[in-house]
Structure formats: C-alpha cells, structure tokens
Enquirer: 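My questions will all concern the structure given below.
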Protein chains: 2
Amino acid sequence: MLIFTAIKVKMAQSQELAELIRLHRKVAGLSRIQLAELAGVGKTVIYDIEKGKETIQLDTLQKILKVLNIKIVLTSPLLEDLQNSKNEKG
Amino acid sequence: MLIFTAIKVKMAQSQELAELIRLHRKVAGLSRIQLAELAGVGKTVIYDIEKGKETIQLDTLQKILKVLNIKIVLTSPLLEDLQNSKNEKG
DNA sequence: TAATTATTACTGCCATAACAGCAATATTAG
DNA sequence: CTAATATTGCTGTTATGGCAGTAATAATTA
C-alpha cells in the first residue's frame with residue numbers, strides 16, 4: 001500500500017482523470033477487467049481512460065466513477081449565488 | 001431575470017446537466033448557436049445536451065462548461081483522506 | 001395583422017468511442 | 001529456473017456522437 005505514496009502528491013494536484021481512476025482502482029484491488037465488469041462497460045474503455053483519453057462519453061465515465069465511489073460535482077459562481085440566496089431567502 | 005426563480009429550486013437539487021447548461025446559457029444571454037461557437041463545438045451538441053442526452057463526450061462537455069464558467073470537481077472518500085493526511089503530514 | 005429575423009428542432013452522413021478478441025507482459029506456484 | 005495464471009496493451013469492427021444543412025417554430029417589427 002506504500003507504493004502509492006509517490007502518486008498521492010501528483011494525484012491530488014493534477015486531478016488527472018487517468019491517474020484518479022487508476023489510483024482508486026488499485027486501492028480497491030480491482031483489475032481493469034473486474035472494474036469494467038462491475039461498471040458494465042468494456043475493458044477497453046478502462047484502458048483508454050487510464051491512457052489519458054479525454055473523448056470518452058459522459059455516461060460511460062459515470063458508470064466507472066460510481067463503482068469507484070467518485071462523485072462529480074459541478075460548481076459555478078451562479079450556482080453559489082443561488083445556493084446563498086436560498087438560505088437567506090428573498 | 002425573475003423568470004428563472006422557478007427553475008432555481010429544481011435546478012440546485014437535481015443537478016440535471018440539461019437544465020444546468022440551459023440556465024447558465026440563458027443567464028449569460030447566449031443562444032445555442034452563440035454558445036456553440038464560443039465553445040468551438042457544433043450547435044447540435046448543445047441541443048442534444050439540453051434535450052437530456054447523457055452520452056456526450058467528456059471533452060465536448062468540458063468546452064461548453066468552460067464557456068459557462070462551470071467547474072467539474074471530482075471527490076471521493078479516498079481523495080479526502082489523502083487531502084487530510086497531506087496537511088497533517090505522516 | 002403579415003413580414004422579417006432569430007432561435008430551436010430535426011435528419012442524413014462521417015468520424016470515432018466502445019467493444020470483443022488476441023498478443024504481450026507481469027505475477028504467482030511448483 | 002519453467003509452467004500456469006492473471007493483467008495489461010493493442011487492433012479491426014460496429015454502433016453512434018457530432019456535424020452541417022434544412023424545416024419548423026418563436027420573437028420582433030412595421
């Protein structure tokens with residue numbers, strides 16, 4: 001488990017999707033095939049993503065992220081404003 | 001600008017991508033064509049997304065989100081642990 | 001109201017994402 | 001070490017996402 005220590009720093013900063021997936025998969029103790037089966041996608045997609053492909057489809061990515069317990073959060077100034085004005089009421 | 005008030009609640013909860021994009025586009029005062037041109041994608045994609053298509057490609061989505069100033073953040077228990085142990089050092 | 005312009009909805013075509021299958025490369029057991 | 005197993009890397013094929021062009025609809029103006 002120590003092997004990952006090196007990756008950690010890089011990971012947390014870069015947010016590179018490829019390494020994010022790879023790290024989570026490794027920590028979960030899954031092979032690409034296992035992850036693919038759990039996510040209900042082909043094994044090639046896992047390979048592609050970890051190779052850095054950015055043109056994968058959103059729903060495919062979501063299936064994979066779900067298995068790895070990774071959440072996608074969308075934020076924006078507008079959304080934060082809405083969130084605030086909701087608490088304050090208007 | 002009040003017209004959006006109704007959407008707000010639904011929006012903030014559902015995080016539905018379609019409405020998220022649509023709202024941001026409207027607030028920015030952009031037509032689909034304008035948004036498409038700014039993002040460097042075809043107009044059809046905007047139409048598809050706002051229609052609820054989930055099989056768009058990640059890079060295409062990112063181009064659009066960038067124009068609308070929406071950020072994608074990925075979170076997970078593992079990532080939070082790494083973040084914490086980084087501050088405490090080990 | 002009709003005419004004009006802008007925006008949105010739809011369709012066929014082409015490039016390619018996702019797939020299955022196979023080759024190459026670790027990893028483990030004897 | 002070799003054999004057996006697991007994992008990863010790669011390729012050809014196929015279904016489809018993204019595109020340009022067009023039709024339909026909505027908004028604007030006279």
Side-chain angles (χ1 to χ4, degrees), chain A residues 1-8 10-11 14-70 72 74 78, chain B residues 1-8 10-11 14-70 72 74 78:
Chain A
M1 208 55 99
L2 329 183
I3 348 167
F4 304 120
T5 321
I7 321 177
K8 285 186 184 180
K10 196 178 168 194
M11 247 293 311
S14 66
Q15 276 267 11
E16 259 264 34
L17 187 63
E19 292 185 9
L20 183 80
I21 303 259
R22 184 159 230 276
L23 174 64
H24 279 76
R25 179 172 67 79
K26 288 290 182 189
V27 170
L30 296 171
S31 73
R32 288 177 180 174
I33 295 176
Q34 289 174 316
L35 175 56
E37 280 172 358
L38 285 172
V41 301
K43 53 197 155 67
T44 313
V45 183
I46 313 289
Y47 166 74
D48 286 338
I49 294 177
E50 292 190 0
K51 208 180 141 196
K53 193 184 206 177
E54 292 275 320
T55 50
I56 48 168
Q57 287 174 218
L58 183 62
D59 65 331
T60 302
L61 178 63
Q62 280 174 326
K63 289 180 199 166
I64 296 166
L65 294 183
K66 192 171 186 180
V67 172
L68 297 176
N69 202 18
I70 303 172
I72 300 181
L74 298 176
L78 176 58
Chain B
M1 209 55 96
L2 331 182
I3 344 167
F4 303 119
T5 320
I7 321 176
K8 285 186 183 179
K10 194 177 169 193
M11 248 295 308
S14 66
Q15 276 268 11
E16 259 262 36
L17 187 64
E19 292 187 9
L20 183 79
I21 302 258
R22 184 160 230 278
L23 175 64
H24 280 75
R25 178 172 67 80
K26 287 293 182 186
V27 170
L30 296 171
S31 74
R32 290 178 179 173
I33 295 176
Q34 289 174 315
L35 175 55
E37 279 172 359
L38 285 173
V41 301
K43 56 200 155 69
T44 313
V45 183
I46 313 289
Y47 167 74
D48 287 337
I49 293 177
E50 292 191 2
K51 208 181 144 195
K53 191 186 210 175
E54 292 276 319
T55 49
I56 48 168
Q57 287 173 218
L58 183 61
D59 66 331
T60 302
L61 177 63
Q62 281 174 326
K63 288 180 200 167
I64 296 167
L65 293 183
K66 191 170 186 180
V67 171
L68 297 175
N69 201 19
I70 303 172
I72 299 181
L74 298 176
L78 177 58

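Residue numbers begin at 1 in each chain, while the letters A, B, ... track the order of the sequences. In this text the structure is predicted, and so the values were computed from the model without any measurement.
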Enquirer: Rounded to the nearest 0.5 Å, what separation is found between the CG atom of B/Leu61 and the CD atom of B/Glu54?
Expert: 9.5 Å
Enquirer: Can you name the closest pair of heavy atoms from A/Lys53 and A/Ile56 and give their distance?
Expert: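 Heavy atoms only, the tightest pair is CD-CG2, 4.2 Å.
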Enquirer: Roughly how far apart are B/Thr60 OG1 and A/Leu58 CG, rounded to 0.5 Å?
Expert: 10.5 Å
Enquirer: About how many Å separate CD1 of A/Ile33 and CG of A/Leu38, when rounded to the nearest 0.5 Å?
Expert: 12.0 Å
Enquirer: Supply the atom-to-atom distance B/Ile64 CD1 to B/Asp59 CG, rounded to the nearest 0.5 angstrom.
Expert: 9.5 Å
Enquirer: Where each residue is assigned the nucleotide of DNA chain D containing its nearest heavy atom, which of A/Tyr47 and B/Val45 is assigned the position nearer the 5′ end?
Expert: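 Its nucleotide being nearer the 5' end, the pick is A/Tyr47.
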Enquirer: Mind checking what makes salt bridge (charged side-chain N to carboxylate O under 4.0 Å, His left out) contact with B/Lys63, not counting sequence neighbours?
Expert: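 B/Lys63 satisfies salt bridge (charged side-chain N to carboxylate O under 4.0 Å, His left out) with no residue once adjacent residues are dropped.
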Enquirer: Taking five pairs at each end of the helix from C/dT1-D/dA30 to C/dG30-D/dC1, what angle separates the two helix axes (nearest 10°)?
Expert: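 Nearest ten degrees gives 40° for this helix.
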Enquirer: Return the minimal non-hydrogen interatomic distance between A/Gln34 and A/Gly29, and the atom names on each side.
Expert: OE1-O, 3.7 Å
Enquirer: Roughly how far, to the nearest 0.5 Å, is CD1 of B/Ile46 from CZ of B/Arg22?
Expert: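 One finds 12.0 Å between CZ of B/Arg22 and CD1 of B/Ile46.
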Enquirer: So if I take residues 31-43 of chain B and measure heavy-atom distances to DNA chain C, which residues fall below 4.0 Å?
Expert: B/Ser31, B/Arg32, B/Ile33
Enquirer: What distance separates A/Lys26 NZ from B/Leu78 CG, expressed to the nearest 0.5 Å?
Expert: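 Here the rounded value is 14.5 Å.
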Enquirer: Reading DNA chain D in the 5' to 3' direction, which nucleotide is the first one with an atom under 4.0 Å from a heavy atom of chain B, and which is the last?
Expert: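 Listing 5' to 3', DNA chain D meets chain B from D/dG17 to D/dT22.
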Enquirer: Who passes side-chain hydrogen bond (donor to acceptor under 3.5 Å, both in side chains) against A/Lys66, sequence neighbours left out?
Expert: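 Expected list: none.
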Enquirer: Heavy atoms within less than 4.0 Å of DNA chain C: which residues of residues 48-67 of chain B have one? Give them sorted by number.
Expert: B/Gln57
Enquirer: Is it true that a side-chain atom of B/Arg32 and a backbone atom of B/Lys43 form a donor plus acceptor pair closer than 3.5 Å?
Expert: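 No, because the side chain of B/Arg32 does not come within donor-acceptor range (under 3.5 Å) of the backbone of B/Lys43.
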Enquirer: Looking at side-chain heavy atoms only, is the closest gap between B/Ile21 and B/Leu65 below 4.5 Å?
Expert: yes
